[in-house]
Amino acid sequence: MRGNALTQARRVGNLVKHQALKQIRLRRGASRASRAAFDELLDEHATGHDEVFVHAGLGDVKDAFDTDPYRFLLGRLEERFESILAPGFTDYFTVSGVYHKRFSRPKHGAFVRQFHQDADYRTDDAIKSVLVKGPYRFDDCVHRETYHEEGCFAQLVREGTLLLNVGTPWFTCSHLHYLEAKHDVPYVETRTHEGIIYRTPTEYERTEQTYETLVSPLYSWNKPKIMRRLRRAGALSAYDLNGLNVYVSRLDEVVTVLGAELREDPYYLVTL
């Protein structure tokens, strides 16, 4: 019992520390930045990639470039990539039981809520959908098991898709969930939720979604450690444009580097 109490206390300590670090980064904010410098780094990393998976914080983008942050960022990406991808996550399906591919609003962030209106395609995953603007598709993937080895997340890893963070307080990667499921870490569990999927305003069918989720909210990713490890391995490029964070990586490299650590320590992503 004493060991369990100590472990619980460490988890609480980890969570408090991680949240404190996040708040410090959020408060820092961005100041006016060079558009030319931003364009240059996009040009450098876009070479050889037709698709990009994006996480963005529009507040810092607005402060950095003093313009409509969504249209500015989307325009820069459309100039360089055939397809732009972003998370369209609707975790509330676990409660509502309804997923509408057109009208279910993404839960996390202003960028994806606006991108949702411009996207041409959305996957059938009722909880962790991916939005796409452009021709890229997941037609041959398993959609009802989020982290299946033939699923959408796995396809992006196999293809070495470029991951771009702009204006996020630190490195953000939805595929960390995929890694935890792939390596069967002890602090996640598999759940299945049933409901209805609407493909058009009137066409619907029964569906179910299987995914992995944390067994306790006391687990929190140790982003500083994760970033240090990826940078040491050359798997993460980090830029500070006068307070505007830009992080660039490839999903296959992220999964390879962190996967090796998880094989040695299943708690690697969440420990100090």
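By the 30° and 60° cut-offs, the orientation of the rings of Phe65 relative to Phe38 is tilted. Note: Tyr247 and Phe171 have perpendicular aromatic rings, judged against thresholds of 30 and 60 degrees for the angle between ring planes. Ring-plane geometry between Phe111 and Phe115 is classed as parallel, the angle between the planes falling under 30 degrees on a 0 to 90 degree scale with a further cut at 60.
Tyr121 and Ile127 are members of different hydrophobic clusters when ILVMFWY side chains are connected at heavy-atom separations under 4.5 Å. Put simply, Tyr92 and Val112 are part of two different groups of oily side chains (I, L, V, M, F, W, Y) that touch within less than 4.5 Å, one to the next.
The 12-atom threshold is not exceeded at CD of Glu40, counting heavy atoms of other residues, nucleotides or ligands nearer than 6.0 Å. Other residues, nucleotides and ligands contribute at most 12 non-hydrogen atoms within 6.0 Å of the CZ atom of Arg231. Heavy-atom neighbours of Asp140 CG from other residues, nucleotides or ligands within 6.0 Å: at or below the threshold of 12. Few gaps surround OH on Tyr239; more than 12 heavy atoms of other groups in view lie less than 6.0 Å from it. Around atom CD of Glu44, more than 12 heavy atoms belonging to other residues, nucleotides or ligands sit under 6.0 Å away.
With Phe72 as the aromatic partner, Lys62 does not meet the cation-pi criteria of under 6.0 angstrom to the ring centre and within 45 degrees of the ring axis. Both the sub-6.0 Å distance and the 45° axial angle are satisfied by Lys128 relative to the ring of Phe89.
Formation of a donor-acceptor pair under 3.5 Å by the Ser83 side chain with backbone atoms of Tyr136 is found in this model. A donor-acceptor distance shorter than 3.5 angstrom exists from the side chain of Asp120 to the backbone of Gly134, with no hydrogens or angles considered.
Residues Leu269 and Glu180 have side chains in contact (heavy-atom distance under 4.5 Å, counting atoms from C-beta outward). A 4.5 Å side-chain heavy-atom check between Val254 and Tyr178 finds every atom pair outside the cut-off.
For an aromatic pair to be called close, the ring centres must be under 6.0 Å apart, and Phe153 with His175 satisfies this. With ring centers used as reference points, Tyr99 lies 6.0 Å or more from Tyr198.
Gln209 pairs in a side chain to side chain donor-acceptor pair (under 3.5 Å) with only one of the listed residues (Thr94, Thr90, Asp125, Asp124), which is Asp125.
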Test log, rule side chain to side chain contact (heavy atoms under 4.5 Å, CB included), inputs Arg76 and Arg35: CA-CA 10 Å; Arg76 288 308 202 267; Arg35 295 188 181 194; 3.9 Å; yes
